[in-house]
Protein chains: 2
Amino acid sequence: MATIYEVSKLAGVSLATVSRVLNKNTPVREETRLKVLAAVEKLGYQPNSVAQSLASNRSNSIGIVVPELNGPFFGTLLSDIENRFRQAGKHVIIAAGHSDEKLEKDSIAFLQSRNCDALILHVEAVSDDYLVELMQKKVRFVLINRFVAPLYDRCITLNNQHGGYLATRHILEHGHRHIGYISGPMWKHDADQRYKGHIRALTEFGLEPSEQRFYEGDYHEKSGETGARILLENDPSITALVCANDEMAAGALTAARELGRELPADLSIMGFDNVNFSHYTHPKLTTVNYPVGGMGEMAAQLILKRVYDQKVDAIQTVFEPRVIERCSVGPAPDEA
Amino acid sequence: MATIYEVSKLAGVSLATVSRVLNKNTPVREETRLKVLAAVEKLGYQPNSVAQSLASNRSNSIGIVVPELNGPFFGTLLSDIENRFRQAGKHVIIAAGHSDEKLEKDSIAFLQSRNCDALILHVEAVSDDYLVELMQKKVRFVLINRFVAPLYDRCITLNNQHGGYLATRHILEHGHRHIGYISGPMWKHDADQRYKGHIRALTEFGLEPSEQRFYEGDYHEKSGETGARILLENDPSITALVCANDEMAAGALTAARELGRELPADLSIMGFDNVNFSHYTHPKLTTVNYPVGGMGEMAAQLILKRVYDQKVDAIQTVFEPRVIERCSVGPAPDEA
DNA sequence: CTGTTAGCGCGTTCAT
DNA sequence: ATGAACGCGCTAACAG
């Protein structure tokens, strides 16, 4: 790898001049500019960004922490963030937090130690206090899918509670009155919120939430299958299952079919997230849209604006969910 | 962020000593070691990895280039690689190449400029020559899903041709003789190989490949749908569709159902890759397994061994595909 | 407009 | 066993 020094020698100028033409921040005479460029070209010179970063305390890179690298949800999130930054000439460093407090903190520390100019965090295990401290330490970051009051202006969130409400209301409007609910892990903020929305819809229709009709899953397919089986066997009167995400809904689909239920004639199933496989299922899943893409891009915009002082379109921090009607929800069967 | 200098001052030792206790590479008296550790603890000191990297020409980070960040396939790949490295204390920097020559080269340059100790490349657009040059420049890297002869010992590949062969043979063994094929973009090595395998199976069973029964898709769902529709309308005698990946197979499923075909009674459909949504489809997709996970982990192992001199389990570079039987393939219907 | 110089934070000789 | 000093490759004052 050629260094800036070799370029300066070959171009017959000082090393600072090379830096200047490359960074275009100080006027340079056209003639010498061309000499430098020629030398750069000839040597195939490429600035060492590690050195750049050390010297300038800027890295043009943004760190991202997500719980998992796989899964349809985070895939789209990462992809959209990367796209937005790429077209701004910034780069992205990704770390997986695995919903584990220690790993999340490690990931954040790692990204900081890499001199990231800013972070985008989708973290679940660290406390609100930890995040507030992070802010006080002047770390630049944006939170995705989590709201912490003192950080209100850097939280990109979905109105999860409203989403939970909409899902259940959609079911209620189809006439169902015996409704099972399969939640995510209740210690996760979004799972909690979605469930609160569910309760609100129930109450609005004069129904009582019941222990019997609640199952706490883990957002993975298997737990949807288990949950559906347990709920349906405990209470055969259930005509609809509201699931806190699509993975679990897919599991519920499987369980229901194995129990001989006709879908959606005997049983309606509702998902949440609208991940990209939700229309591969049979019947195609009715679900609540989670605008991941838009939210990822917005996080990127926020950083472009606040950290890099770029002019960007209007910033929006709260996103609204909406029901996506497909084929897994039907009218409630007549009572026998 | 505290620096090593502040630690040394607080511990009352030289800056070099701090470096030594942290890197454990030179004996240090226990007493001073503890003093240093105490200071580190007190200041919450964390080495600046950018500076470390500049000084030592080592970064403990591995760069990865994949075509896309989303999609079930790359998600698992990235995830498994990250896991393996995390438990070895290494970190991962990810870039998307978007199957575009310029972007792939940019990504590689970016990762090099970040001083990555090694790269894992899943690239499709750059030429073999380019990769060979890269090797000659002493860049350390491993290739995934691509075989380049001069780089034979750093290629982790799936026997794609054999996979294509197995897929079609599986169909042939079910009695089908009128078989449509929906390929990936033929300029991609794997698409080409899979198709070659298809031809080989056909030939083995005494069948001629036919223009009429071939459609070149782009590995995305939509093209599977389009392809299936075109093939089935052009040649209604077709009783089975072999698709070069699961996404396109999912599209084909949709098209077939819309054309009123009973699955798998009227029409069998075969996928490839066994991505994680392939059992969400209806009927559940019969497909060829692509051991992504194992291959990603193996790439990591290779680097751990060759770049970091760690002892690892046996290295395997060629992986074998196998048919995963589910429900989308049935016996050929009796000829009318 | 351009060259000189001093760091950025750390690893690593070379002495001691 | 420990400290002083140099250099990694680059940016950012400061002169001129």
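Computation of the quantities below employed the complete heavy-atom set of this structure, encompassing side-chain atoms and omitting hydrogens, waters and symmetry-equivalent molecules. A, B, ... follow the sequence lines: proteins, then strands. Residue 1 opens every chain.
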A.B. asks: Without decimals, in angstroms, what is the distance between A:Q46 CD and D:dG9 P?
C.D. replies: 14 Å
A.B. asks: For A:P27 and A:L54, find the nucleotide of DNA chain C closest to each by heavy atoms; which residue's nucleotide sits nearer the 5' end?
C.D. replies: A:P27
A.B. asks: How many whole angstroms separate atom CG of B:N57 from atom P of D:dC10?
C.D. replies: 12 Å
A.B. asks: Kindly say if B:Y5 contacts the phosphate of D:dA4, meaning a side-chain N or O under 4.0 Å from OP1 or OP2.
C.D. replies: no
A.B. asks: Answer yes or no: side-chain N or O of B:R58 and base N or O of C:dG11 forming a donor-acceptor pair under 3.5 Å.
C.D. replies: no
A.B. asks: Please confirm whether the ring centroid of B:F74 lies under 6.0 Å from the ring centroid of B:H122.
C.D. replies: yes
A.B. asks: Compare the minimum distances between each of C:dG11, D:dT2, C:dG3 and the side chain of B:A55, then state the nucleotide with the smallest one.
C.D. replies: C:dG11
A.B. asks: Side chain of A:A16: nearest nucleotide among C:dC10, C:dG3, D:dT2?
C.D. replies: C:dG3
A.B. asks: Report which part of the nucleic acid B:V13 touches: base, sugar-phosphate, or nothing (heavy-atom distance under 4.0 Å, all strands).
C.D. replies: sugar-phosphate
A.B. asks: Taking the side chain of B:A51 as its heavy atoms from C-beta onward, which of D:dT11, D:dG9, C:dC10 lies nearest to it?
C.D. replies: C:dC10
A.B. asks: Can a donor-acceptor pair be found, under 3.5 Å and without considering hydrogens, that links the side chain of B:Q316 to the backbone of B:V318?
C.D. replies: yes
A.B. asks: Classify B:T32 by what it touches in the nucleic acid, base, sugar-phosphate, or nothing, heavy-atom distance under 4.0 Å.
C.D. replies: sugar-phosphate
A.B. asks: Specify the residue among B:S56 and B:T26 whose closest nucleotide of DNA chain D lies further upstream toward the 5′ end.
C.D. replies: B:T26
A.B. asks: Would you check if the side chain of B:N145 reaches a backbone N or O of B:T157 as a donor-acceptor pair within less than 3.5 Å?
C.D. replies: no
A.B. asks: Send over the distance from B:Q52 CD to C:dC8 P, rounded to a whole Å.
C.D. replies: 17 Å
A.B. asks: Just the rounded figure in Å: distance from C1' of C:dC10 to CD1 of B:I4.
C.D. replies: 6 Å
A.B. asks: Using a cut-off of less than 4.0 Å, is there contact between a side-chain N or O of A:T17 and OP1 or OP2 of C:dG3?
C.D. replies: yes
A.B. asks: When the distance from CG of B:L43 to C1' of C:dG9 is rounded to whole Å, what number comes out?
C.D. replies: 15 Å
A.B. asks: By the 4.0 Å heavy-atom rule, please label B:S19 as base, sugar-phosphate, or nothing.
C.D. replies: base
A.B. asks: Rounded to whole angstroms, how far apart are NZ on A:K24 and P on C:dC1?
C.D. replies: 16 Å
A.B. asks: Can you tell me how far C1' of C:dC1 sits from CD of A:E31, to the nearest Å?
C.D. replies: 12 Å
A.B. asks: Do the numbers put B:K90 on top of the ring of B:Y308, so that NZ or CZ is under 6.0 Å from the six-membered ring centre and no more than 45° off the axis?
C.D. replies: yes
A.B. asks: Please state how far atom CD in A:E6 lies from atom C1' in D:dC10, giving the value in whole angstrom units.
C.D. replies: 14 Å
A.B. asks: Take atom CD of A:E30 as the centre, draw a 6.0 Å sphere, and report whether it contains more than 12 heavy atoms from other residues, nucleotides or ligands.
C.D. replies: yes
A.B. asks: Considering just the side-chain nitrogens and oxygens of A:N25, establish if one lies under 4.0 Å of OP1 or OP2 belonging to D:dT11.
C.D. replies: no
A.B. asks: State plainly whether the residues B:D106 and B:K102 are in salt-bridge range, i.e. N to O under 4.0 Å.
C.D. replies: yes
A.B. asks: Counting side-chain heavy atoms from CB outward, which of D:dG9, C:dG9, D:dT11 is closest to B:T3?
C.D. replies: C:dG9
A.B. asks: Check whether any side-chain nitrogen or oxygen of A:R20 sits under 4.0 Å from OP1 or OP2 of D:dT11, and answer yes or no.
C.D. replies: no
